[in-house]
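Report on one structure; see the data block that follows.
Quick caveat, the model's predicted, so the values are computed rather than measured. Residue numbers run from 1 in the order of the sequence given.
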Amino acid sequence: MMKKLILFLWLTVVAVAVFAQELKSPDGNLTMNFSIQSGGVPTYRLTYKGKDVIKRSKLGIQLKDNRQDVGVGSDGDMKVKATNAKTSLYDNFEVASTRSETFDETWKPVWGEVSQIRNHYNELAVTLKQKGTERVMLVRFRLFNDGLGFRYEFPEQKNLVYFVIKEEKTQFAMAGDHTAFWIPGDYDTQEYDYTTSKLSEIRKLLSKAITGNLSQTSFSPTGVQTALMMKTNDGLYINLHEAALINYPCMHLNLDDKNLIFESWLTPDAIGDKGYMQAPCTTPWRTVIVSDDARNVLASKMTLNLNEPCKIEDTSWIKPVKYVGVWWEMITGKSSWSYTNDLPAVQLGITDYKKVKPNSTHGATTANVKKYIDFAAENGFDGVLVEGWNIGWEDWFGNSKDYVFDFVTPYPDFDLKEIHRYAKSKGIKMIMHHETSSSVRNYERHLDKAYQFMKDNGYDAVKSGYVGNILPRGENHYSQWLVNHYQYAIEKAAEYKIMVNAHEAVRPTGIARTYPNLIGNESARGTEYQAFGGSKPNHVTILPFTRLVGGPMDYTPGIFEMDISKINPSNKSHVNSTLANQLALYVTMYSPLQMAADLPENYKRFPDAFQFIKDVAVDWDDSKYLEAEPGQFITVARKAKGSNNWFIGNVSGEKGFTSNFTFSFLDPGKTYVATIYADAANADYKTNPQAYTIRKVLVSNKSHLVQKSAPGGGYAISIVEAKGKGDLKGLRKL
């Protein structure tokens, strides 16, 4: 009887797991197990130090039915051949072959948080053949010390050439009801405040989490966006995202909240299809970053490592930028993008702006822009952004208008040639602004002309925008067609040696490794929302764990006047941050593109605090994450590129935070002067946001700091190596 029972159990195991193979990370902490389950279903499981990260989860893709291929027959006539009607690429598979390898390299980014990045992983490639169709699909797994990346690959084959994806069926089965930091799933925007809740609470909270936007399309009561950050009850930090989003729709996650299983949910096109594919091809990587230390999530370079190496041969023209601009005055409502109030509508090439009355609120005037150029030159900034310089802003949004901008014709009060001459004389680079109003067809028609116009007039960088619903009508901001457009714009810009900072585009997925002229993205709720009613004070303690996992954000920090009514009396918004917190963002929110976003007159009110913005670097040789907890606090130290200067930033959430760390990252035996910009004892983001203190102390690699941050507050520190006794005079050692 016992022998029969053992035989029965053995047969059951064989039926459930037809094939299984294990892959370990280089340090052995992560284990991925791939198996074919009953019915030929490919699955995977991921553990970290023996703890479940992803429980047994299914893999695969569902195809659209009734796909037909059209070709030319041997007799020259058009032939229509119906492809296999089976839509499953998620079962009836058997393993055809497997291949394992180890990869270890170190590469140097053009710009970044560190001067070199190690790319070290163990790989398992599983080639699957589907019984009955003979279709082939390869699943490639790469296991790093900081997480797992995997993707689907479709080699050239006779039985799978052109195919349409109805849905990707990738699962991420959670091992518990984790705490999640999430924003609602949406095909058109990521500009939401984060909600912190248990996974099981998403359904009841999602409707309140959806706040108004100029273009938004939600899809499920349990749908959320990546990068999704979670924390387990036993202290694991898990991040779900994707890498190398190329020629494929953006992935969201839909939660089965009864079983706590996330399944991929791709962004559809105008007719509901998810992706049009032609073999050979691949999907983006699906990524799972995991650690028992939150700092390791922030330090992970796995997303970059899963992208292709740089494809731009000469990168000497790609340079990090610190800039100011004619922007915040329009965001707050002090100034306008438009030139006149006389026109109910504009027709480019027909409307004569010489016949209308200027509205006196237009921000992009020659005189005003020269003031910003002077301010930039006086304070060591690299560039000046000007929005609202080109005709069409009287009639730019909400009318489903195709020919909305031409990207080359300035308003009568913006002397483009004079601005070019004046900026050049001051050593300042101008930054172009291309708002497309989401009329993507129009932008592509004008792209070459617009980029050439930039080069002819001395512009090396562009801020592009995609506000409003997409044209062609019915498309979504994150569908395959739009993802391809954003990529086209980046690659076309590289041909003209132009750097791109795209706003409202799809959130980044590490593509800046391949195309480092993509120096910035918005793709999240940025500082502008502080003038639209405010953001939660913990917002900046979550973004580095979520949005920034895929690449840097043009967050536009540096606001010193928190009461927006002092800029525009009709705007009652309040910036939910202390002034010291705003300084810290230049370090905690990594970006090679950093804006001092406030008005020049507000910086002149606080010149001692403004000194930190003038001093802080935008490119780094090294970065150390000293303290971190999503939603509560982040403390980062960074070493400026090509120097021995360090900068530290800390931001805190609603509860405030007290830092406690040593300066062990400094060179042994050296003394440094640290200037600490901190919240005053009575600082509070609501009631006393501009209360700060500045003190100087001497530090070494043995120094220890205990520093308090107010609610919604923070601190910033600049650290410069002492050169002589004069630097030490009157300063105490920390």
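With respect to Asp621 and Lys641, a salt bridge is recorded, a charged nitrogen being found less than 4.0 Å from a carboxylate O. The pair Glu113-Arg638 meets the salt-bridge criterion, since a charged nitrogen lies less than 4.0 angstrom from a carboxylate oxygen. With respect to the salt-bridge test (charged N to carboxylate O, under 4.0 angstrom), the residues Lys497 and Asp460 do not qualify. A salt bridge links Glu242 and Arg286; the closest N-O separation between the charged side-chain nitrogens and carboxylate oxygens is under 4.0 Å. The pair Glu168-Lys274 does not meet the salt-bridge criterion, since no charged nitrogen lies less than 4.0 angstrom from a carboxylate oxygen. Ion pairing between Lys129 and Glu94 fails under the 4.0 Å rule for side-chain N and carboxylate O.
Note: Asp269 CG to Ile470 CD1 = 13.0 Å, rounded to the nearest 0.5 Å. In this structure, Leu482 CG and Glu475 CD are separated by 6.0 Å, a value rounded to the nearest 0.5 Å. Summarising the geometry, atom NZ belonging to Lys301 is positioned 13.5 Å from atom CG belonging to Leu306; distances are rounded to the nearest 0.5 Å. Note that CG of Asn476 and OG1 of Thr217 are 5.0 Å apart. Values are rounded to the nearest 0.5 Å. The structure places CG of Leu143 at 6.5 Å from CG of Leu46, a figure rounded to the nearest 0.5 Å. Taken from OH in Tyr194 to CG in Leu228, the straight-line distance is 9.0 Å, to the nearest 0.5 Å.
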**Prompt:** Could you walk me through whether Ser197 and Ile202 pass the side-chain contact (heavy atoms from CB on, under 4.5 Å) check?
**Reply:** CA-CA 7 Å; Ser197 76; Ile202 290 176; 4.1 Å; yes

**Request:** Show your reasoning for whether salt bridge (Lys or Arg N to Asp or Glu O under 4.0 Å) applies to Glu153 and Arg140.
**Result:** CA-CA 7 Å; Glu153 301 180 7; Arg140 189 178 304 276; 2.6 Å; yes

**Asked** Is there a side chain to side chain donor-acceptor pair (under 3.5 Å) between Gln216 and Ser218 once you walk through the steps?
**Response** CA-CA 7 Å; Gln216 57 191 147; Ser218 58; over 6 Å; no

**Request:** Start with the C-alpha gap between Phe34 and Phe141, add the side-chain angles, then the distance that decides, and say whether ring-ring contact (aromatic ring centres under 6.0 Å, His included) holds.
**Result:** CA-CA 9 Å; Phe34 174 84; Phe141 298 93; 5.7 Å; yes

**Item:** From CA spacing to verdict: side chain to side chain donor-acceptor pair (under 3.5 Å), Asn233, Lys198
**Value:** CA-CA 10 Å; Asn233 289 335; Lys198 293 292 187 181; 3.0 Å; yes

**Prompt:** What's the verdict on ring-ring contact (aromatic ring centres under 6.0 Å, His included) for Trp285 and Phe150, showing C-alpha distance, side-chain angles and the deciding distance?
**Reply:** CA-CA 5 Å; Trp285 297 90; Phe150 61 92; 8.5 Å; no

**Request:** Quick one: do Phe219 and Trp265 satisfy ring-ring contact (aromatic ring centres under 6.0 Å, His included)? Show the steps, please.
**Result:** CA-CA 9 Å; Phe219 58 85; Trp265 185 292; 4.9 Å; yes

**Request:** Mind running salt bridge (Lys or Arg N to Asp or Glu O under 4.0 Å) on Glu263 and Lys58 for me, showing each step along the way?
**Result:** CA-CA 9 Å; Glu263 188 164 287; Lys58 297 178 181 179; over 6 Å; no

**Asked** How far apart are the C-alpha atoms of Asn122 and Thr102, what are their side-chain angles, what is the distance that settles it, and do they pass the side chain to side chain donor-acceptor pair (under 3.5 Å) test?
**Response** CA-CA 4 Å; Asn122 292 329; Thr102 295; 2.8 Å; yes

**Message:** What verdict does the side chain to side chain donor-acceptor pair (under 3.5 Å) test give for His241 and Thr509, after you've listed the backbone C-alpha separation in whole Å, the side-chain angles of each residue and the deciding distance to 0.1 Å?
**Reply:** CA-CA 8 Å; His241 193 35; Thr509 57; over 6 Å; no

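Between Tyr478 and Tyr187, the gap from one ring centroid to the other reaches at least 6.0 Å. Within the 6.0 Å centre-distance limit, the rings of His434 and Tyr443 are counted as a close aromatic pair. Centroid-to-centroid, the aromatic rings of Phe154 and Phe163 come within less than 6.0 Å.
Side-chain N/O atoms of Ser35 and Thr43 include a donor and acceptor closer than 3.5 Å. One side chain, Lys24 or Thr31, offers a donor N or O that lies under 3.5 Å from an acceptor on the other.
In this structure, the side chains of Ile165 and Met277 come closer than 4.5 Å at one or more pairs of heavy atoms. Residues Val483 and Leu245 form a side-chain contact, since some pair of their non-hydrogen atoms from C-beta on lies under 4.5 Å apart. At a threshold of 4.5 Å between non-hydrogen side-chain atoms, the residues Arg295 and Glu627 do not count as touching.
Other residues, nucleotides and ligands contribute at most 12 non-hydrogen atoms within 6.0 Å of the NZ atom of Lys624. Within 6.0 Å of the CZ atom in Arg45, the count of heavy atoms belonging to other residues, nucleotides or ligands does not exceed 12. Crowding of Glu308 atom CD: a count of heavy atoms from other residues, nucleotides or ligands under 6.0 Å not exceeding 12. Crowding of Glu444 atom CD: a count of heavy atoms from other residues, nucleotides or ligands under 6.0 Å exceeding 12. In Lys166, the NZ atom is not crowded: 12 or fewer heavy atoms of neighbouring residues, nucleotides or ligands sit closer than 6.0 Å.
Judged by a 6.0 Å distance limit and a 45° cone about the ring axis, Arg513 is positioned over the six-membered ring of Trp107.
Taking the six-membered ring where the residue is Trp, Phe172 and Tyr44 present perpendicular rings, their angle passing 60° and hence far from 30°. Aromatic ring orientation, His485 versus Tyr466: perpendicular (interplanar angle above 60°, classes split at 30° and 60°).
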